[in-house]
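Notes to accompany the following structure.
The structure displayed is predicted, hence computed values, not measured ones. All values below were derived from every heavy atom in this structure, side-chain atoms included, with hydrogens, water molecules and symmetry-related copies excluded.
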Amino acid sequence: MRIKFILLMLILVSGLPVFAQDTDSTKIKLVELDSIIVTGDSYKKASNRSSALSIEVVGKDFLRQHFAGNLVQSLGHISGVRSMDIGSGFSKPMIRGMAFNRISVIENGIKQEGQQWGTDHGLEIDAFNVEQVTVRKGPVSLLYGSDAMGGTIEISRNPAPTENQLFGEAVLLAKTVNGTLGGSMMLGIKKDAWYTTLRYTEQRFGDYHVPTDSIVYLTMRIPLYGRKLKNTAGYERDISLFTEYRKKRYSMNYAISNTYQKTGFFPGAHGIPDISRVQDDGNSRNIELPYSSVNHFKVTSHQQYIWDKLMASWDIGYQNNHREEWSQFHTHYGNQPLPENNPDKELEFRLNTYNSLIKIKTINSATWEHSAGWDIQYQQNRIDGYSFLLPEYNRFTTGIFSVSTWKPTKELSFSGGVRYDYGKVNISSYADPYLETYLRDMNYSDELIKEYKWRSYPVNRNFSDISGSLGIVWNPKDIHWIKANIGRSFRLPGANELASNGVHHGTFRHEQGDPSLSSEQGWQLDVSYAYENNGITFSVSPFTSWFSNYIYLKPTGEWSVLPHAGQIYRYTGARVFFAGAEASFEIDFLKYFKYQFSGEYVHTRNRDERTPLSFSPPASMRNTLIWQSKLFNLYSEMESIASQKNVAKNELTTPGTNLFHLGGAANISIGGTLVEVNMSLRNVFDTKYFNHLSFYRKVEIPEPGRNFQLLIKIPFKQKLK
C-alpha cells in the first residue's frame, strides 16, 4: 500500500496521469478520480521521499507569507537558494553557489530564456501568477539539458477545481521602501472538461530607500539625497491566459503570457561617476536615462495521451525576449558619430527561442518505471544599439535521455539514467571601424589593432557530451529516510563566453571570450537525511562538486588599451571544487507555537588559481518563531549573514550582519468572503548591509532599508450548473 501511495504522489508531482493496478493481474489501467486534494506539508514530504535529488516543494501559503514582489526574492527563504539582487527590481536565482547559465527556470514545461547572460538581467515572470514551485538542487542536466547543471526552479499550477464554477481573486500590494503600489486581477472558469484563467498584473514603484546618506565609488563620494537611490523607479505590467482541456485519456493546455518591465539605473553606478547626475530632481517616481526595458512574450502548449501502460506527452514553446538599455549617447573613442535613429539606444537584443520536448513513460508494474525523451531548442539572437557585448548568434541543441526507477522492496528504490546532447553555435563576427581608427590614431601596432577591433569573434562550433546520474532512496522507517545521488553534468559555453570582446558597462570591466573553450564538465554528489516524528522535523544535506573545466571570468593582469576599461577579464576553464551543506530543524510546542531553523554554507575553490570563485555566497542562517491559530499567525525572524572574506582576485570582501523581520497573516470573513491579509516588516532596525551577490556591491551601494509590506487577497467563487 505504501509503495502505491509513494508512486501516486510521484506521478502527481511530475504532472503525470494516475494509474492503478488490478488485484487479480499485473495489468495497469487508468483510474478516473473525482477529487484529489493534497496539502502543502504532505505534498512536500512525498516529493522529497520519491526522488534521490534534494527537492523542496512550496505552495501558495509559503509564497504569500514570503511574497516580495518578485519570485526569486520569495524563494530566497529556501535553504540553498539565494537571490542575486539588482536594486529592488531585478533578481536572479542562485542554487548552492551556482547561477547564470547553470540554473534553469521551467514554466509550464518550457525553459525560461532571458535572465542568464548577465548580473543585471532579472527573471521575467509574474510573481502573482505562481501557484507552486519545485526547487531541484544539484545536477539536473539528465532531465533538462545543459543549462541545469546547478539545479532547476520549476513553476507549475495547482489542479483545476473539481466542481463547475466561476472564480477569481483581486490582490493588492503596497511597500514603503520604494512606494510600491500594485495589484493583480484573476478571473477563471471551470466548466466540464474545460478550465481557463485570465490574469492581469501591474506594479509601479519609485526610487528606493537605502540606510545611508552617501556612497563612495572610484574614490569619489556621491551623495544620496533623502537617502534614496535616484532613478531606480520603474513599473511592471503582465498579462497571461491559461486554458486546459481534460477528457478521458487525453489532456492538453495552452499558456500565453507577456511580461513588460521598465526600470531606471542609478546614474552613479552606470558609466563614469558624476555628482551632477545624482542631483535631486524632486520626483522620486520618474524614469530618466539610463534605464532598461524588457518585454518577454511566451506561448507554450502541453499535449498528453494515456494508453493502458503508456503515457506520451509533447511540450512546445515559443519565446521572444526583447531587451533594450538606453543611456545618453557617449563614445569612448571620440570619432564615433551620433546615430541618426534612436541615438540614445545603447544596446538591444531580440532573442527568439523555439522549444520541443517529447516524453514517453511506461509503468509495467509497481516495481519498475521507465521514461525517455527527446528535446530540441533553436535560438536566434539579433542586436542593435551604439554599444553591445552579447553578439548575434544562432544556436541549435538537441538531446535524448532515458531514466528508470527500480523499487525492489517497500523501503528501497534505485533510479538512474543517461543523456546525450549535441549543440551547434554560429556567432557572427563584428569589426568596429571607429575603434580601429581610434587605435591607429593612437599609434598602436597592426597586430594589437587586429586583436582589439573585433567586438565579437567569428565562431562556428559543434559540441557533444554525455550526462548521467545514479541515485538511491532508503526508507527504513516511516519517520526517517536517507537519499544519495551522484551525477555527471555538463554545460555548453554561452555566446558571450565564446565571442564577446569589449567593455561591459554593467560590470565595469573589459570582458573577453575565448572561441576555443570546451564545454563545462563535472561530477556532483548529494546526500541527505531527514527525520519527522511527533512535531519534530530535522534534515541535513551535505553536497560536493568537482569540475575539470569550469568556465569563469579570469582577471588576466593585462591592462586594456580601451578607454575606461581597466583590466581584461577573459573567460577561462579551470579545475574547480564546491562543497557545502544545508540543515533545517522545526519543532511544534505549547500547542500554538513553532520554532524553525535553517542554515547553509558553501565553499568554492579554484584549484588552478588557489582562490575562491567570485560571487561565492556567505554562510547564513534563519531563526524563526511562529505563533499560529486557525485564523491568525505571527512570526519574528532573525536572519544572520556571515562575512565573506574568501573572495576572488579584485573582488571586495563583505561584512556580516544580523537582520530582524516581523510579520503576520489573518483570514478575515467579510460578507461571507474570507479575505487574506499578510503584513511584514523587513529589516526592522533599518540596518545598513551589503549583499555580496548584488550587482551594486562593487559600487558600495547597500541593500534597501526598512520596508513595511501589505498584501491583501480577496477571492470569490460562484458555482455553476
Side-chain angles (χ1 to χ4, degrees), residues 68-70 72-73 84-92 114-115 118-124 173 175-182 202-210 212 214-215 217 222-238 259-296 321-330 342-349 385-387 504-508 691 694-705 707:
N70 76 58
V72 181
Q73 289 182 354
M84 303 181 70
D85 299 331
I86 308 98
S88 64
F90 298 139
S91 298
K92 64 193 320 101
Q115 59 86 20
T119 55
D120 52 340
H121 298 192
L123 188 61
E124 298 133 13
L173 173 69
K175 296 196 288 187
T176 60
V177 72
N178 58 358
T180 292
L181 293 173
E202 185 160 336
Q203 294 186 66
R204 292 183 176 268
F205 51 90
D207 301 340
Y208 71 88
H209 163 82
V210 289
T212 187
S214 63
I215 64 170
Y217 173 40
I222 301 175
L224 303 179
Y225 297 95
R227 292 195 160 196
K228 290 185 176 180
L229 217 56
K230 182 184 177 183
N231 200 45
T232 54
Y235 65 90
E236 177 179 337
R237 187 178 295 128
D238 313 290
T259 296
Y260 178 79
Q261 300 169 346
K262 181 179 179 180
T263 306
F265 289 124
F266 175 55
H270 195 91
I272 305 302
D274 185 347
I275 293 180
S276 65
R277 300 173 67 198
V278 299
Q279 296 292 325
D280 186 16
D281 59 7
N283 187 349
S284 65
R285 305 189 77 87
N286 62 336
I287 305 173
E288 300 177 334
L289 297 174
Y291 68 83
S292 72
S293 67
V294 59
N295 193 89
H296 196 126
N321 188 280
H322 184 184
R323 180 180 178 89
E324 297 179 357
E325 291 186 11
W326 293 73
S327 180
Q328 186 173 1
F329 175 77
H330 59 279
N342 298 320
D344 295 327
K345 183 190 291 184
E346 185 171 2
L347 64 88
E348 174 186 5
F349 66 71
Y386 65 83
S387 177
H504 187 180
H505 293 95
T507 55
F508 321 105
N691 180 357
S694 172
F695 160 70
Y696 281 155
R697 173 66 187 102
K698 188 177 179 67
V699 291
E700 298 284 353
I701 296 176
E703 292 302 287
N707 179 38

Report yes if some heavy atom in the side chain of [X] is under 4.5 Å from a heavy atom in the side chain of [Y]; otherwise report no.
| X | Y | result |
| --- | --- | --- |
| Asn178 | Thr232 | no |
| Asp238 | Tyr260 | no |
| Leu181 | Leu173 | no |
| Glu325 | Leu347 | yes |
| Val294 | Gln261 | yes |
| Leu229 | Ile701 | yes |
| Phe266 | Ile215 | yes |

Verify, without hydrogens or angle tests, whether [X] (side chain) and [Y] (backbone) share a donor-acceptor contact under 3.5 angstrom.
| X | Y | result |
| --- | --- | --- |
| Arg285 | Gly179 | yes |
| Asn342 | Lys345 | no |
| Asp207 | Ala233 | yes |
| Arg277 | Pro267 | yes |

Cation over ring, Lys230 on Tyr225, under 6.0 Å and within 45°?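 Ring-cation test returns no.
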
Is there a side chain to side chain donor-acceptor pair (under 3.5 Å) between Asn286 and Glu288 once you walk through the steps? CA-CA 6 Å; Asn286 62 336; Glu288 300 177 334; 3.2 Å; yes

Which heavy atom in [X] sits nearest to a heavy atom in [Y], and how many Å separate them?
| X | Y | result |
| --- | --- | --- |
| Asp344 | Gln328 | OD1-CA, 3.5 Å |
| Arg697 | Asn691 | CB-O, 3.5 Å |
| Asn231 | Pro290 | ND2-O, 2.9 Å |
| Ser327 | Leu289 | N-CD2, 4.1 Å |

Test log, rule ring pair (Phe, Tyr, Trp, His ring centres under 6.0 Å), inputs Tyr386 and Phe329: CA-CA 8 Å; Tyr386 65 83; Phe329 175 77; 5.0 Å; yes

Ring centroids only, cut at 6.0 angstrom: are Tyr235 and Phe205 within range, meaning strictly under it?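 Ring-ring flag for Tyr235/Phe205: false, centres at least 6.0 Å apart.
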
Mind running side chain to side chain contact (heavy atoms under 4.5 Å, CB included) on Ser284 and Tyr208 for me, showing each step along the way? CA-CA 8 Å; Ser284 65; Tyr208 71 88; over 6 Å; no

Atom pair [atom1] ([X]) and [atom2] ([Y]), whose distance is rounded to the nearest 0.5 Å:
| X | Y | atom1 | atom2 | answer |
| --- | --- | --- | --- | --- |
| Ser292 | Arg323 | OG | CZ | 4.5 Å |
| Glu346 | Phe265 | CD | CZ | 8.5 Å |
| Trp326 | Lys262 | CH2 | NZ | 9.5 Å |
| Glu324 | Glu348 | CD | CD | 4.5 Å |
| Glu236 | Thr259 | CD | OG1 | 6.0 Å |

Could you walk me through whether His322 and Asn295 pass the side chain to side chain donor-acceptor pair (under 3.5 Å) check? CA-CA 5 Å; His322 184 184; Asn295 193 89; over 6 Å; no

What's the verdict on side chain to side chain contact (heavy atoms under 4.5 Å, CB included) for Thr180 and Arg204, showing C-alpha distance, side-chain angles and the deciding distance? CA-CA 6 Å; Thr180 292; Arg204 292 183 176 268; over 6 Å; no

Would you find more than 12 non-hydrogen atoms of other residues, nucleotides or ligands less than 6.0 Å from Gln279 atom CD?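 Yes - once you tally the heavy atoms of other residues, nucleotides and ligands closer than 6.0 Å, there are more than 12.
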
Take Leu123 and Lys92, measure what side chain to side chain contact (heavy atoms under 4.5 Å, CB included) needs, and give me the verdict at the end. CA-CA 6 Å; Leu123 188 61; Lys92 64 193 320 101; 5.8 Å; no

